[in-house]
Amino acid sequence: MGRFKTPLRYPGGKQRLSPFIVEILEANSIDGHYIEPYAGGAGVAMELLLSKKVTNIHLNDSYIGIYAFWYAVINHPEELCRKILSASMTVEEWRKRQLIVKEANKDDLLELGFSTFYLNRCNRSGVIKAGVIGGLKQSGNYKMDARFNRNDLINRIESIALFKDKIHISNMDAEFYIDNYLPNIPNNSLIYLDPPYFNKASGLYLNSYKNEDHSRIGEKIQKDIKQNWILSYDGVQEILDIYSRRRHFLYDLQYSAQTVKKGKEVFIFDDNITIPEKCSLNYVDDGLKEIFNNF
Ligand SMILES: C[S@@+](CC[C@H](N)C(=O)[O-])C[C@H]1O[C@@H](n2cnc3c(N)ncnc32)[C@H](O)[C@@H]1O
């Protein structure tokens with residue numbers, strides 16, 4: 001599978017899971033629609049679409065800045081690339097982009113999408129509310145343009161734009177999306193849910209959940225989603241409790257955000273999913289063995 005990279009940096013980005021998701025798609029004979037209700041940087045979705053493992057991807061994110069970025073990629077790729085090419089790499093420009101993101105004016109999604117992207121590439125760990133790489137005095141070893149390789153980013157955006165008719169974006173709350181959007185998706189599809197982490201999410205994303213939200217969404221996912229679904233989270237006991245009746249395994253993923261230490265993540269499976277016999281993930285407990293013994 002080609003190693004296509006999403007243009008967005010994402011704390012907790014899951015692109016490294018792509019080979020595993022392909023194994024799930026193949027084991028379940030799914031090659032049509034793939035859906036991410038919490039899309040963020042959508043690294044897995046983009047890799048699956050561009051390597052033609054699926055025909056259509058559906059990306060939803062409740063955060064308007066991320067939606068605006070995907071909107072700009074699909075609807076105004078040339079203007080977006082022009083803005084990237086001519087973007088000024090100064091703290092003054094960074095402050096301007098910060099203000100636009102804060103105001104979040106929906107009437108100019110191209111400008112909002114570009115500004116979100118600018119902060120994503122120029123801020124520490126790609127976190128929208130973090131500081132600029134190199135600091136306001138630009139005195140650090142790395143400067144704000146350290147992750148702003150214009151040609152590479154433009155190439156990535158142009159590659160995605162070629163598939164624009166196959167990319168379906170929305171800006172809904174995930175619960176609303178489950179109730180109102182997913183019922184129109186074909187049954188033989190794969191839904192990958194990657195909600196904000198249970199721990200520390202509020203420092204990483206502009207939209208995150210409180211404890212009771214995790215329980216409520218957990219009930220909804222398990223009760224209301226009719227298609228095949230898989231779910232990833234940080235592997236904390238509270239989450240294991242919410243999904244205690246589902247098959248799961250814990251694995252290790254090295255986070256890129258400085259605020260989160262290397263830790264265990266959990267993957268949880270809808271009862272209808274066939275789990276591939278050979279699995280490319282390095283799991284850290286024997287949950288996977290249990291899965292194989294039980295199914
Ligand atoms: C863990 S990140 C997803 C990362 C993604 N899988 C990737 O690889 O880049 C969670 C995403 O969910 C979004 N989000 C948070 N609360 C949401 C909600 N209630 N409904 C939909 N999206 C939400 C956040 O804006 C964030 O982009």
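Numbering of ligands and ligand atoms starts at 1, following listing order.
Between Arg246 and Asp270, no side-chain nitrogen of the basic residue sits less than 4.0 Å from a carboxylate oxygen of the acidic one, so the salt-bridge criterion is not met. Salt-bridge annotation for Lys5 and Asp152: absent, with no side-chain N of the basic residue lying under 4.0 Å from a carboxylate O of the acidic one.
Residue Asp173 has at least one N or O atom closer than 3.5 Å to an N or O atom of ligand 1. In terms of N/O distances under 3.5 Å, ligand 1 is approached by Asp61. Note: an N/O pair closer than 3.5 Å links Ser62 and ligand 1 by distance alone.
Close contacts between ligand 1 and Met172 involve ligand atoms 20 (N), 21 (C) [criterion: under 4.0 Å to a heavy atom]. Per-residue contacts place Gly41 under 4.0 angstrom from the following atoms of ligand 1 (heavy atoms of the residue considered): 7 (C), 9 (O). Close approach of ligand 1 to Gly13 (heavy-atom distance below 4.0 Å) involves ligand atoms 7 (C), 8 (O), 9 (O). When each atom of ligand 1 is checked for a heavy atom of Pro195 under 4.0 Å away, the hits are 1 (C). Numbered from 1 in the order shown, with element, the atoms of ligand 1 that lie under 4.0 Å from a heavy atom of Tyr63 read 25 (O).
Side-chain atoms of Asn60 and Ser170 form a donor-acceptor pair, as typed in the model, at a separation below 3.5 Å.
A 4.5 Å side-chain heavy-atom check between Ile217 and Glu175 finds at least one atom pair inside the cut-off. At a threshold of 4.5 Å between non-hydrogen side-chain atoms, the residues Val73 and Trp70 count as touching. Counting heavy atoms from C-beta on, the side chains of Ile160 and Met46 come closer than 4.5 Å.
When non-hydrogen atoms are compared, ligand 1 lies under 4.0 Å from the side chain of Tyr10 (C-beta onward) but not from its backbone.
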Would you be so kind as to tabulate the donor-acceptor pairs closer than 3.5 Å made by side chains of residues 133-140, with sequence neighbours excluded?
from: Gln138; atom 1: OE1; to: Met144; atom 2: N; distance (Å): 2.9
from: Gln138; atom 1: NE2; to: Ile133; atom 2: O; distance (Å): 2.8
from: Gln138; atom 1: NE2; to: Gly135; atom 2: O; distance (Å): 2.9

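Side-chain heavy-atom separations under 4.5 angstrom define the hydrophobic clusters, and Leu99 shares its cluster with no other residue.
Remark: among candidates Ile64, Asp194, Asn171, the nearest residue to atom 10 (C) of ligand 1 is Asp194, based on non-hydrogen atoms.
In this structure, Ile66 falls outside the shell of residues with a heavy atom less than 4.0 angstrom from ligand 1. Tyr209 counts as a contact of ligand 1, since one of its heavy atoms falls under 4.0 Å from the ligand.
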